[in-house]
Amino acid sequence: MRIVLARVSLIPPQLFGVLLVTFMLVRLLPGDPALLMLGNMATPDAIASLRQRLGLDQGLWTQFVRYLGRVLHGDLGTSIFTSHPVVQDLIERAPATLELISYAMIVTVTAGVGLAVLSVIARGRSFDYVTRVYGLAAGALPDFWVGLLLIFFLYHVAGWAPAPFGRLDTYLTAPRAITGFYTLDSLLTGNWADLGSAAARLVLPVATISIVNTGAMMKMTQTVFAGVYDSAFIRHARASGLPQRRIIVIALKNSLPPIITTAGFLFGFLLGAAVLVETIFSWGGLGQYAVQAVINSDYPALQGFVMVAAVFVLLVYLVVDVLYELVDPRIRI
Amino acid sequence: MRRCLARPAAVIGLALLALLAVAIVFADLLAPYSPIMADPLHSLESPSSLHLLGTDVSGMDVLSRIIFATRINLLVGIVSVAGAFLVGVPIGLLTGFYRGFVSALVMRLFDFIQSFPVFVLGMALVSVLGQEIWNVALVLAVLFVPLFARLVRAEVLSLRERPFISAARCSGASDLAVMVRHLLPNALTPALVQLSISVGMAILLTAGLSFIGAGVRMPTPEWGLMVSSGAQQMILGVWWVSLFPGIAIVIAVLCFALLGDEMRRLLDPTRHRR
C-alpha cells in the first residue's frame, strides 16, 4: 500500500510536465498562435484582439500560469471546428474510444499470451514456426491498411460484416447512457437489438487493432514465458509429477510482471492506433476528433486531445505499477 | 558470407533491400508513367496490361506512384532515424558519463516526451509545425532521440564502473578520450540494432501520418497518402488503389525489421538463439 501512495504522489509533477508539453506545443512553435488559429484570411484587428484575449501579449511564464489555472478549472478552450467547449467534446467522445480499445486490449492480450504459451509448449514444431513468422510480419502491418482489407473482404466481398460506418446501425438509437459503452449499456437496459448491432460493429475495428498488435504482445510473452518454462523450479515441478496444465499455470503466474508491463504500454499505444482505426470506421471517438482537429487546424481541440492522451497513459502506468506490486511480492518494501 | 546465406531471414531482408534500392535508383526507368500526371479520362481503371496495378481516382498510374514513393518514404525514414541517432547517441554518452543536475533534467524531459503515445504527439507536432514532408522527418527525429539516448546511457552506466575504464583513466586519458575511445565503441551495440528497426517504425509512422492528412499532400507520391486516396473506394470494391501501396509499406518495414534482427545476431555473439 505504501508503494501505491508513493506512486500516486508522483502524479502531480508528471501532470505538470504533461501540461508544460501541451502548452509549449501550441505556444512555442514557430508562428503566431493567433494567426494559426484564425488562418491566413484573418485581419490584423482580429489577430490583435485574439492575441489580447488569449493573453499572448504577456510574458510566457504568465501565459503558462494562466493556462494551468484554466486547465485546473476544467477549461480547455473552445473548439474552433465544433464551437463547443473542448472538454465537452472530449467527454462525449471518450466512451466510444475507450470501448474500442478496451475490447481490442482484451483480445490482443488473450491472443498474444495464448499463442505465446502454445508456441513455447510446441517448441520446434510447425506451430512454433508459424507464430514466429506471424510475430515478424505483424510488426510490419500498417493498421489502417489492415482495416481497409478487412472491410473489403468481410464487408464488400463476403458480406459478413456490417457497414463500416460508426458504432451502431443507422436505424437504431443509442442505448441509455450508463457507462457510455454501447455493449454494456444495451446489456444493462436489455436492449438486445442495440447489443447485437454494437457488438457486430465492434468486430472489424477490434480485429484490425488485434491483428496488428498481437504480434508484439506474443513475442514479448514468448521470451518471458520460455525463460520461466525452462527454469529449474518448473523442471522440479515436472519431475514431481504435476500435470501439464498445472505447470503451465504456475509458469504463467511467474511470467506475469513483464506481461503486465507490456500490456500497460500497449494500452497507451492503442490510443494512438485508435486514431487511424477510428478514421477508417467513422467511429466518432477521440481519435476521429483528433484527426478532424488536425485537418481543420483546430489547435484547442488538438491540445485537449494530446493532454487527455498523456493523462490516460499516466493513469494506465499507475495501474500497471500497482498491479505489478500485487503480482510480484518481491518488490514490496 | 556462407553463414549469412544459411539464414533465410537475412537473405529475404537483403533481397527486399535490393528491391527497394532498385526502385529508388531506377525509378525513372522502371515507372511506366509520370507519378503525378492526372488523367481524368482513365480514373479508377482496374489492373490491366496498360496500367499493371490500375489507376487511382484522378487517373494516376498506381505502379508508377508506388515506385516513385519509395524515394520519399525511405528518405524520410532513414533521414529521421539517422538524425535521431546522431543527436541521441552523444546525449546518451554525456548523460551516462556526467550524472549531474543537467543529466537528470534531460532524462525527465525524455520521460515527458515518451509519456505521450508516439503517434499522437507526432500528429500534433506535425500539424502545428506545418504539414510538410521535412517537418514529418524532423518530428520523427525528435521523437526517436530519447530511444537512442536511453539505450546508450544504459550501456554507459553499466560500463563506466568496469576495470578497463578505470585503467584508461589511470593511464591519464581525458574525459573526452574515455568517452569517445573507450565507452562509445562498447556502448553502441544496442543503439545500432535499434537503428534498423527504427527505420521501419519511422516508415510506418510516416505512412500513418500521411494517411490521416498530417503528412504530405497530393499529388506527392507517398505510400500512406496513396492508401488513403483509395480508402473511400475500398468499400465499393475498388481494391487496387489501396492494396498495392500497403504491400509496399509492408515490404519496406519487413525489410528493416529482418535486417535489424540479423544485426542483433551478428553484433551480439554471446546471445545465440536455440
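Labels below follow one simple rule: chain letters A, B, ... track the order of the sequence lines, proteins then strands, and each chain is numbered from 1. The figures that follow rest on heavy atoms only: side chains count, while hydrogens, waters and symmetry mates do not.
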Undergrad: Let me know if B:Ile197 has heavy atoms under 4.5 Å from chain A in its side chain, its backbone, both or neither.
TA: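 The answer is neither part of B:Ile197.
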
Undergrad: For the residue pair A:Phe152 and B:Leu243, establish whether any side-chain heavy-atom pair is separated by less than 4.5 Å.
TA: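 When only atoms from C-beta onward are counted, B:Leu243 and A:Phe152 do not touch, as no gap falls below 4.5 Å.
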
Undergrad: Using heavy-atom distances under 4.5 Å, tell me whether A:Leu270 contacts chain B through its side chain, its backbone, both, or neither.
TA: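 Answer is neither: A:Leu270 stays 4.5 Å or more from chain B.
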
Undergrad: Provide the closest heavy-atom pair for A:Gly272 versus B:Pro117 in the form atom of the first, atom of the second, distance.
TA: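 Shortest heavy-atom separation between A:Gly272 and B:Pro117 comes out as N-CB, 4.3 Å.
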
Undergrad: Set out, in order, the CA-CA distance, both residues' side-chain angles and the distance that settles side chain to side chain contact (heavy atoms under 4.5 Å, CB included) for B:Ile247 and A:Trp145, then state yes or no.
TA: CA-CA 9 Å; B:Ile247 294 178; A:Trp145 183 68; 3.7 Å; yes

Undergrad: Would you indicate whether the side-chain heavy atoms of B:Phe119 and A:Leu276 approach each other to under 4.5 Å?
TA: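 Yes, side chains in contact.
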
Undergrad: Among B:Gln232, B:Met201, B:Met234, which has the most heavy-atom pairs under 4.5 Å with chain A?
TA: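 It is B:Met234.
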
Undergrad: So which of B:Gly213, B:Ala214, B:Gly208, B:Ala257 has the biggest tally of heavy-atom pairs under 4.5 Å with chain A?
TA: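 Highest number of pairs under 4.5 Å: B:Gly208.
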
Undergrad: Applying side chain to side chain contact (heavy atoms under 4.5 Å, CB included) to B:Asp261 and A:Leu136, what does each step give before you reach the verdict?
TA: CA-CA 10 Å; B:Asp261 258 22; A:Leu136 204 57; 3.9 Å; yes

Undergrad: Can you give me the closest heavy-atom contact between B:Leu254 and A:Ala137, atom names plus distance?
TA: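 Scanning both residues, the minimum pair turns out to be CD1-CA, 4.0 Å.
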
Undergrad: Mind running side chain to side chain contact (heavy atoms under 4.5 Å, CB included) on B:Trp239 and A:Leu148 for me, showing each step along the way?
TA: CA-CA 9 Å; B:Trp239 46 272; A:Leu148 288 174; over 6 Å; no

Undergrad: Kindly indicate, with the supporting measurements, whether the criterion side chain to side chain contact (heavy atoms under 4.5 Å, CB included) is fulfilled by A:Phe305 and B:Val120.
TA: CA-CA 9 Å; A:Phe305 171 72; B:Val120 171; 3.5 Å; yes

Undergrad: Considering all heavy atoms of both residues, which atom of B:Leu204 and which atom of A:Ala140 are nearest to each other, and what is their separation?
TA: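 Minimum heavy-atom separation between B:Leu204 and A:Ala140: CD2-O, 4.2 Å.
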
Undergrad: Which heavy atom of A:Leu302 sits nearest a heavy atom of B:Ala124, and at what distance?
TA: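 Between these two residues, the closest heavy atoms are CD2-CA, 3.8 Å.
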
Undergrad: Using a cut-off of under 4.5 Å for heavy-atom pairs, which of A:Val275, A:Leu20, A:Ile295 has the most such pairs with chain B?
TA: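 That would be A:Val275.
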
Undergrad: Of all heavy-atom pairs between A:Gly139 and B:Val253, which one has the smallest distance, and what is that distance?
TA: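 Shortest heavy-atom separation between A:Gly139 and B:Val253 comes out as O-CG1, 4.0 Å.
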
